[in-house]
2 protein chains.
Amino acid sequence: MRKKPIQQRARVLVSSLVDAAGDIVVEDGLDALTTVRVAERAGVSVGSLYQYFQNKDELIAALIEQVDSDLIATVDRVAMDALAADPQTFARALLNAAFDAFEARNGLAYELLKHWHRLDIGRGLYRFEQRMLEVLRAYALAHIRDHQVDPSPARAFVVINSVVFTLLRYLSLDAPPLFRRDELLAEMAAMAARLLVAGSPAAQGTGRRKVPGRRSPGR
Amino acid sequence: MRKKPIQQRARVLVSSLVDAAGDIVVEDGLDALTTVRVAERAGVSVGSLYQYFQNKDELIAALIEQVDSDLIATVDRVAMDALAADPQTFARALLNAAFDAFEARNGLAYELLKHWHRLDIGRGLYRFEQRMLEVLRAYALAHIRDHQVDPSPARAFVVINSVVFTLLRYLSLDAPPLFRRDELLAEMAAMAARLLVAGSPAAQGTGRRKVPGRRSPGR
DNA sequence: ATTGAATGCGAATAAACATTCGCACTACGG
DNA sequence: CCGTAGTGCGAATGTTTATTCGCATTCAAT
């Protein structure tokens, strides 16, 4: 942030800018987020925006930060409550929470997550994934005797991303699919629970070859 | 396509434009794809590009079409070969194929898939998903006696998207994760195989509420 | 060889944005 | 009631791009 808002009115201005940005993203998508439009919507001038944000990306980062924090807080709360439950119930609770979180603020998180490959948003996603990993570990620790819970990094990675992105993809379907929301949730919960409980995967690696040259994402 | 290329040189020109587009996407990402740059790279002028493509999106659509066809052809071939195998092996084969396909042409499919929420690319993804669904159904049909294979639409949706997007996310990590590629593959294969074989998910829906108002993606 | 269609060219046009800058208003400690 | 730091303004600037259009070149059938 270029300059810190000192007076009250300045702090209000900054937060209304971030709010306006969120509203615009919800209404017309991230691509429709222009600095002038944000300023207009917030009832201030572009100049003022640049008084407190170095550039547009910094504004987006602030928005992400906000959304991400909410998301993590939600997950934390729900996970705490369900920590004692069996894997099936635990998975269920987290999934419901995830759905709710995606819907919160009119699908703001959903619209943002679509652009996860952008740097700002990617960092938010990464933070979220890390937090989920910790939550799963906490669950494992709490149930080390009851079940053979074992969230290996690879497994956790698969579960977390499978759920998040499948949800994302589901929400993006314009023609409703052949199955109901409940079914989807049930399937995912079952999958997650199974992966949490089951042992190591049956087969061992069918040795693979070359590593792909990964490119850095262009803007 | 605005006008069909009739002469030989025109056909060459069109395909070199699509190739150039692919190269640029691979090198600098989809955002770096400008019409002028494509033309330059193909060794022709922008004007010529617009002779055969109504606009930039149509060019992208042509690229997608190409990539998507390759992808589907690969999946078809591999699935055919593995149709007789057990679920674990079948899943393995498809996963390996998927990895290879993502790496083909220097990660072109990977870079494109990151932008699946764009209309052109979304259609390609949808086609791919549909094809995968058919493949899974074919497998189920072939094994209706051996296993209790049951790819319900919801389940198939979860498996397909989990695999595709988890792979995508994995490839996009800049810092290598704590697990090896083999582990990831093994986990995903196990997951897929389990979902293919297992019965209906344990619990039933914890009835959910409101439907989120879906917005049409910008651009 | 002639000619109309097909092809190819690339400077020019226009629209969309991010960002800046000089000027004016406001708060508030003294 | 001053003065200055903090705040706010929004037209102007510069850049990046998609797309067009009038002119030049090539093809292929007669």
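Note that the structure is predicted; figures quoted are calculated from it, not measured.
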Select base, sugar-phosphate, or nothing to describe what [X] touches, counting heavy atoms under 4.0 Å on all strands.
{"X": "A:Phe53", "result": "nothing"}
{"X": "A:Gln7", "result": "sugar-phosphate"}
{"X": "B:Arg37", "result": "nothing"}

Parallel, tilted or perpendicular: which describes the rings of A:Tyr139 and A:Phe90, with under 30° parallel and over 60° perpendicular?
parallel
Can you label the angle between the B:Phe165 ring and the A:Phe165 ring as parallel, tilted or perpendicular, going by 30° and 60°?
parallel
Phosphate oxygens OP1/OP2 of D:dC9: is one of them under 4.0 Å from a side-chain N or O of A:Ser48?
yes
Looking at [atom1] of [X] and [atom2] of [Y], how far apart are the two atoms once the value is rounded to the nearest 0.5 Å?
{"X": "B:Phe99", "Y": "B:Arg181", "atom1": "CZ", "atom2": "CZ", "value": "4.0 Å"}
{"X": "A:Leu113", "Y": "A:Leu168", "atom1": "CG", "atom2": "CG", "value": "5.0 Å"}
{"X": "B:Leu94", "Y": "B:Thr74", "atom1": "CG", "atom2": "OG1", "value": "11.0 Å"}
{"X": "B:Leu171", "Y": "B:Leu184", "atom1": "CG", "atom2": "CG", "value": "9.0 Å"}

Taking the nucleotide of DNA chain C with the closest heavy atom to each, which residue, B:Ala10 or B:Ser45, is nearer the 5' end?
B:Ala10
[X] has an atom [atom1]; how far is it from atom [atom2] of [N], in whole Å?
{"X": "B:Tyr50", "N": "D:dT20", "atom1": "OH", "atom2": "C1'", "result": "9 Å"}
{"X": "B:Glu58", "N": "D:dA18", "atom1": "CD", "atom2": "C1'", "result": "14 Å"}
{"X": "B:Arg11", "N": "D:dC27", "atom1": "CZ", "atom2": "C1'", "result": "13 Å"}
{"X": "A:Tyr52", "N": "D:dC9", "atom1": "OH", "atom2": "C1'", "result": "12 Å"}

Heavy-atom nearest nucleotide on DNA chain D taken for B:Val36 and for B:Arg9; more 5' hit belongs to B:Val36
Collect all protein-nucleotide pairs involving nucleotides 11-17 of chain D in which both atoms are nitrogen or oxygen and the distance is under 3.5 Å.
none

Working note: B:Arg92 + B:Thr89, criterion side chain to side chain donor-acceptor pair (under 3.5 Å); need CA distance, chi angles, decisive distance, verdict.
CA-CA 5 Å; B:Arg92 225 4 144 139; B:Thr89 310; over 6 Å; no
Minimum side-chain heavy-atom gap A:Gln66-A:Asp19 below 4.5 Å:
yes
Which two nucleotides bound the region of DNA chain C that has atoms under 4.0 Å from heavy atoms of chain A, read 5' to 3'?
C:dC17 to C:dA27
Under the rule for salt bridge (charged side-chain N to carboxylate O under 4.0 Å, His left out), what residues qualify as partners of A:Glu65, not counting sequence neighbours?
A:Arg127
